[in-house]
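Okay, structure first, notes after.
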Amino acid sequence: MLRVRFAPSPTGFLHVGSARTFIFNWLYARHNRGTVVLRLDDTDVDRNTDASVTSIFDGLRWLDLGWDEEYKQSERLALHRQIADAIFQKGLAYRDFTPAHAGETEKSGVNQTWLFNPGMRELPRTESDLRAAAGESFALRFRVPRGTGEQVRFADAVYGEQIKSADDIEDFALLRSDGMPTYHLASCADDIDLHISHIIRGQDHLSNTYKHVLIFEGAGAKPPQFAHLPLLVAPDGSKLSKRRHGPVVSVTTYRDAGFLPEAFINFLCLLGWSPKDDRENMTRQELTDAFSLEGIHRANAVINFKEPAATPEETFDPKALWLNAEHIRGLSIEDLSARLLPVMHAAAFPITPEKMHAVTPLIRERIKLLRDVLSAADFFFVDQLPPYDPAELIPQKGDAAMALKVLTRGREVLAQVEFKHDPLDQALRAAAQELGLKAGQMFQPIRVAVCGRKTAPPLFETLQVLGRETTLVRIEQAVSKL
RNA sequence: GUCCCCGUCGUCUAGCCUGGCCUAGGACAUCGCCCUUUCACGGCGGUAACACGGGUUCAAAUCCCGUCGGGGACGCCA
């Protein structure tokens, strides 16, 4: 039975790299009718936050993929200690009584190869037992084979055969001096206990995997199949981080900006994986059908967002925007309308589903993000048009007098004609001819009068949705500005 | 510092394993044209890449070596 797991640690929001890891795991499981396990890796009590748990679930729920089983690592400590003890009893681990932080080599100062604390690895078991019994605190370290020329190896489904000399692996910790398991131990212990068959995760774990293989084997378990994913990096090639790159790395930012979850998933899939047949716009089902570990590449992928970020339009990767627009265009009017409505409501436009449904076809080809509805369709919903420059009313190669003439005649025509596409089309074209103007010269002043701007959906459909009353009032107001 | 991974258009990628079909294909972005009542959609076309240097071979983006460049891991964080 195929079983995969996604194991985020609740020390921050769900970021795009993690989201992709989750998606790949999900796709792989669904493709092979396997099981998706969600496991919160929360053994670092000091850094876990409820806000982070909330953010992760928010992001995951928005993705709407779901999972089959759910666990919290902090509730499984007995298992972790049991496995640590088993490894210790086999002589594959030893107590390290060196006080924590004795070396004071924090993250920044790591430029020397540390393998183990002298004196501790060789400590006789009797002395070790004595000191432990006396209450002295210790960390439990794995006794990595040293000086034996031994090699640790595993086959990665993406990166191929991986081999490392055991002499290059440090004696990593299994248990901290407070008795809590480290990530390496807890992760492997749970993977064993939960019968995880495939570990699909970021490439930043590739060199940790040797340690994990050692733990699996030390615990008497067969290591699962590993598949490491190329990293998602910023345009400058650096690792994505909230500090440096801001909200663009958080999944909820995409949700709030009006991405469709299926488009976001589609976009992420194309980063580091390819169906190899030039397809790009794909549904969840198509992705599931096409997904395989063979399609994953090895080089990091840059997510091409703009560093400082001005408008959402400029912030996001252009391809993500394009894909989102593609997915929006692929939605039915009903579906899109239903997704647009909450966006309008959130922005305090108290509109009805009927009105939204009428407007949706006019903007479907014109928005890239759901949020764009606010700027693309606002004039349909406001009582009073925001102020605009009256000069906008003046048509191409025309003047204020022409604009006035168009609006005056337009008002007369629109007071009579039936507010449907074809009659509007005929009546306004006839009026243009009558005034000796080009159609565009006729339409533009009316468009600006009713929309408050030059760029808008096609005129006749717009008028039809707006209705006669609003149209005439707005033309009236435009005339008074000239 | 030690160990590991990676390197095709600006970006995402196909091709690499199983050398010749590659005068390197697609997509986004960009530029131009067409469609057109504005915008958008759509259609057509252009610019643009095998990191570099050596081999091997009749033939290399594809195989080998080296250089350079980028990234990752090295914590009683995950």
Side-chain angles (χ1 to χ4, degrees), chain A residues 7-12 41-44 46-47 96 98-103 105-107 110-115 137-141 156 159-160 162-165 167-170 172-184 186-187 202-211 228 230-231 233 235-239 267 270-281 297-304 317-323 325 329 363-368 376 395-396 425 428-429 432 438-444 446-448 451 453-460:
Chain A
S9 66
T11 54
D41 278 9
D42 57 351
T43 53
D44 187 359
D46 297 338
R47 303 199 330 169
D96 181 352
T98 310
H101 302 117
T105 40
E106 275 304 302
K107 212 174 179 179
V110 186
N111 45 18
Q112 219 138 39
T113 311
W114 175 91
L115 290 173
S137 72
F138 60 86
L140 191 71
R141 288 188 184 283
D156 189 89
Y159 289 92
Q162 303 294 311
I163 303 171
K164 188 169 187 168
S165 165
D167 290 332
D168 291 325
I169 303 170
E170 74 280 6
F172 55 95
L174 260 19
L175 293 176
R176 307 178 208 173
S177 46
D178 63 1
M180 287 293 281
T182 61
Y183 157 75
H184 299 302
S187 177
Q203 192 237 52
D204 47 347
H205 283 296
L206 193 59
S207 38
N208 284 152
T209 305
Y210 298 102
K211 296 171 197 163
H228 287 86
L231 264 24
V233 297
D236 66 359
S238 67
K239 203 177 173 182
F267 169 66
L270 264 17
L271 258 20
W273 173 82
S274 158
K276 300 192 185 296
D277 58 9
D278 288 342
R279 276 186 298 167
E280 300 209 302
N281 183 349
H297 0 127
R298 290 158 291 277
N300 291 171
V302 351
I303 170 158
N304 199 13
D317 188 313
K319 196 147 193 172
L321 247 16
W322 169 76
L323 262 177
R329 278 178 233 127
I363 59 169
R364 185 167 53 171
E365 272 79 44
R366 275 163 261 266
I367 58 175
K368 290 192 162 106
Q396 279 283 308
D425 188 332
L428 289 173
R429 279 184 202 280
K438 291 190 172 178
Q441 291 176 307
M442 182 77 199
F443 301 158
Q444 191 73 338
I446 298 174
R447 184 194 331 280
V448 173
C451 302
R453 64 174 104 110
K454 286 180 174 169
T455 303
L459 187 58
F460 312 131

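Throughout, protein chains are lettered first and strands after them, A, B, ... in sequence-line order, and every chain is numbered starting at 1.
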Under-3.5 Å donor-acceptor pair between [X] side chain and [N] base:
X         : N      : result
Asp278(A) : G25(B) : yes
Arg298(A) : C6(B)  : no
Ser207(A) : C4(B)  : no
Glu365(A) : G42(B) : no
Arg447(A) : U37(B) : yes
Asn281(A) : A27(B) : no

Applying a 4.0 Å non-hydrogen cut-off, can you work out what [X] is touching in the nucleic acid: base, sugar-phosphate, or nothing?
X         : value
Pro8(A)   : nothing
Thr455(A) : base
Lys239(A) : sugar-phosphate
Asn300(A) : sugar-phosphate
Glu170(A) : sugar-phosphate
Pro458(A) : base
Thr182(A) : sugar-phosphate
Leu459(A) : base
Gln162(A) : sugar-phosphate
Gly272(A) : sugar-phosphate

Between [N] and [M], how many Å separate the two [atom1] atoms, rounded to a whole number?
N      : M      : atom1 : answer
C50(B) : A24(B) : C1'   : 7 Å
U37(B) : G46(B) : C1'   : 29 Å
A49(B) : G42(B) : C1'   : 29 Å
U11(B) : U30(B) : C1'   : 12 Å
C9(B)  : U2(B)  : P     : 30 Å

Should [N] form a Watson-Crick or G-U wobble pair with both distances under 3.5 Å, which nucleotide is its partner?
N      : value
A24(B) : none
U37(B) : none
G7(B)  : C68(B)
U18(B) : none
A73(B) : U2(B)
A78(B) : none

Round to a whole Å and report the spacing from [atom1] of [X] to [atom2] of [N].
X         : N      : atom1 : atom2 : value
Asn208(A) : C4(B)  : CG    : P     : 15 Å
Leu271(A) : A27(B) : CG    : C1'   : 13 Å
Leu323(A) : U13(B) : CG    : P     : 13 Å
Tyr183(A) : C76(B) : OH    : P     : 15 Å
Lys319(A) : C12(B) : NZ    : C1'   : 5 Å
Phe267(A) : C12(B) : CZ    : P     : 10 Å
Asp317(A) : A29(B) : CG    : C1'   : 10 Å
Lys368(A) : C39(B) : NZ    : P     : 14 Å

RNA chain B: 5'-proximal contact among Phe138(A) and Ala456(A) (nearest heavy atom):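 On the 5' side of the pair lies Ala456(A).
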Most 5' of Leu231(A) and Asn304(A) on RNA chain B, judged by nearest nucleotide: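 Result of the comparison: Asn304(A).
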Ion pair check, Lys319(A) and Asp317(A), cut-off under 4.0 Å: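 No.
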Ring centres under 6.0 angstrom apart (Tyr183(A), His205(A)):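 Close enough - the centres of the two rings lie under 6.0 Å apart.
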Nearest heavy atoms of [X] and [Y], plus distance in Å:
X         : Y         : answer
Lys454(A) : Val448(A) : CG-CG2, 3.8 Å
Ser177(A) : Ala100(A) : OG-CB, 4.3 Å
Lys239(A) : Asp204(A) : NZ-OD2, 4.2 Å
Glu170(A) : Trp114(A) : CB-O, 3.2 Å

Proximal nucleotide (of [options]) relative to the [X] side chain:
X         : options                : value
Asp168(A) : G72(B), C76(B), U2(B)  : U2(B)
Ala299(A) : G7(B), C76(B), A73(B)  : G7(B)
Phe460(A) : C12(B), U37(B), A40(B) : U37(B)
Trp114(A) : C76(B), G26(B), C39(B) : C76(B)
Val302(A) : A29(B), C5(B), U11(B)  : U11(B)
Gln444(A) : A78(B), U38(B), G72(B) : U38(B)
Phe443(A) : U37(B), G42(B), U11(B) : U37(B)

Look at the side-chain N and O atoms of [X] and state whether any lies under 4.0 Å from the OP1 or OP2 oxygen of [N].
X         : N      : answer
Lys211(A) : C4(B)  : no
Lys276(A) : G15(B) : yes
Arg279(A) : G26(B) : no
Arg364(A) : C41(B) : no
Arg176(A) : C77(B) : yes
Thr43(A)  : A78(B) : yes
His297(A) : U13(B) : yes

Heavy-atom donor-acceptor pair, Asp156(A) side chain to Gln162(A) backbone, under 3.5 Å: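 Not at all, since once roles are kept as given, no pair shorter than 3.5 Å links the two residues.
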Side-chain (Gln441(A)) to main-chain (Gln396(A)) donor-acceptor, under 3.5 angstrom: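 Between the backbone of Gln396(A) and the side chain of Gln441(A) there is a qualifying donor-acceptor contact (under 3.5 Å).
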Flag if over 12 foreign heavy atoms under 6.0 Å of NZ, Lys438(A):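 Count not over threshold, so no.
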Steps toward side chain to side chain contact (heavy atoms under 4.5 Å, CB included) verdict (Leu140(A), Asp96(A)): CA-CA 6 Å; Leu140(A) 191 71; Asp96(A) 181 352; over 6 Å; no
